[in-house]
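Here is the structure we will look at, set down as C-alpha cells.
First listed ligand is number 1; within each ligand, the first listed atom is number 1. Numbers here simply count residues along the sequence, with the first being 1. Only a predicted model underlies this, so the values are computations on that prediction, with no experimental measurement involved.
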Amino acid sequence: MRSMHIRKGDTVVLISGKDRGKKGKVLKVDTSRRRVVVEGLNRAKKHMRPSQRNPQGGVVDWELPIDVSNVMLFCPGCERPVRINRVRKGGKGFVRVCRKCDREI
Ligand SMILES: [Zn+2]
C-alpha cells in the first residue's frame, strides 16, 4: 500500500468542490480509505437524534472526509498549494520537500 503524504496537523488546500481554494488543518487521516478530514472544509449539516451526548438533538455542522487526491499540501514559503518530493533523510525516513522552493514541510 502506498503511504500517505498528508499527515495529521498539516495545512492543506482543497483543490476541488465547493470549498476549492480554501485551506485548513488536517484533523484526521484515514490511510486505508485515503481520506482526510480538514478543519472547516467540506462541512455538511447533519440532523441528529437526541442522544446522551447531545440531549437536544437537532442540526449539527461537521466536516465530511475528503479524498486525499482532492487536497494539496500548503507551502508556507510559497504561500500556495504545492507538489512535494519525498526525500530520504538520515534516520528519520522521508521528509517532504516543496518542489518549488525546496523548503521542508
Ligand atoms: Zn514552497
Side-chain angles (χ1 to χ4, degrees):
M1 193 178 72
R2 277 179 64 204
S3 69
M4 299 252 288
H5 62 285
I6 305 281
R7 297 178 199 145
K8 194 172 161 182
D10 281 346
T11 300
V12 294
V13 178
L14 193 57
I15 54 169
S16 72
K18 66 182 164 78
D19 286 332
R20 182 170 27 191
K22 292 187 188 168
K23 69 174 197 273
K25 201 171 123 188
V26 176
L27 300 176
K28 240 193 264 179
V29 174
D30 183 339
T31 330
S32 54
R33 293 198 180 99
R34 303 190 65 75
R35 286 173 162 195
V36 292
V37 173
V38 184
E39 189 172 36
L41 297 188
N42 205 29
R43 291 178 78 87
K45 289 195 193 309
K46 189 188 182 191
H47 295 269
M48 300 286 282
R49 287 182 184 186
S51 66
Q52 251 177 3
R53 256 180 75 193
N54 185 10
Q56 304 270 295
V59 180
V60 294
D61 259 0
W62 72 339
E63 290 98 349
L64 297 176
I66 301 167
D67 195 281
V68 73
S69 63
N70 290 330
V71 299
M72 281 175 82
L73 206 56
F74 181 82
C75 173
C78 303
E79 298 190 318
R80 50 167 293 182
V82 292
R83 293 188 177 278
I84 50 118
N85 284 327
R86 288 155 64 88
V87 178
R88 190 179 284 280
K89 198 173 185 181
K92 278 171 67 186
F94 288 93
V95 295
R96 300 166 306 171
V97 173
C98 172
R99 280 192 200 174
K100 286 224 185 304
C101 69
D102 285 336
R103 183 185 179 124
E104 201 179 300
I105 302 179

Check: Taking the hydrophobic residues Ile, Leu, Val, Met, Phe, Trp and Tyr, and joining any pair whose side-chain heavy atoms are under 4.5 Å apart, which ones share a cluster with Val87?
Finding: Val95, Val97
Notebook entry, point to check: Looking at Asp67 and Arg35, does any basic side-chain N land under 4.0 Å from a carboxylate oxygen?
Noted result: no
Item checked: Under 2.8 Å from the Zn ion (ligand 1) - protein N/O/S, by chain and number -> Cys75 SG, Cys78 SG, Cys98 SG, Cys101 SG
Margin query: Can you list everything that forms a side-chain hydrogen bond (donor to acceptor under 3.5 Å, both in side chains) with Asp102? Sequence neighbours excluded, please.
Written below: none
Notebook entry, point to check: Can you check whether Asn42's main-chain N or O pairs, donor with acceptor, with Glu63's side chain at less than 3.5 Å?
Noted result: no
Next item on the list: Sequence neighbours left out, what pairs pass side chain to side chain donor-acceptor pair (under 3.5 Å) with at least one residue falling in residues 72-85?
Entry: Asn85-Arg99
Item checked: Considering all heavy atoms, the nearest Cys75-Val82 contact -> CB-CG2, 3.5 Å
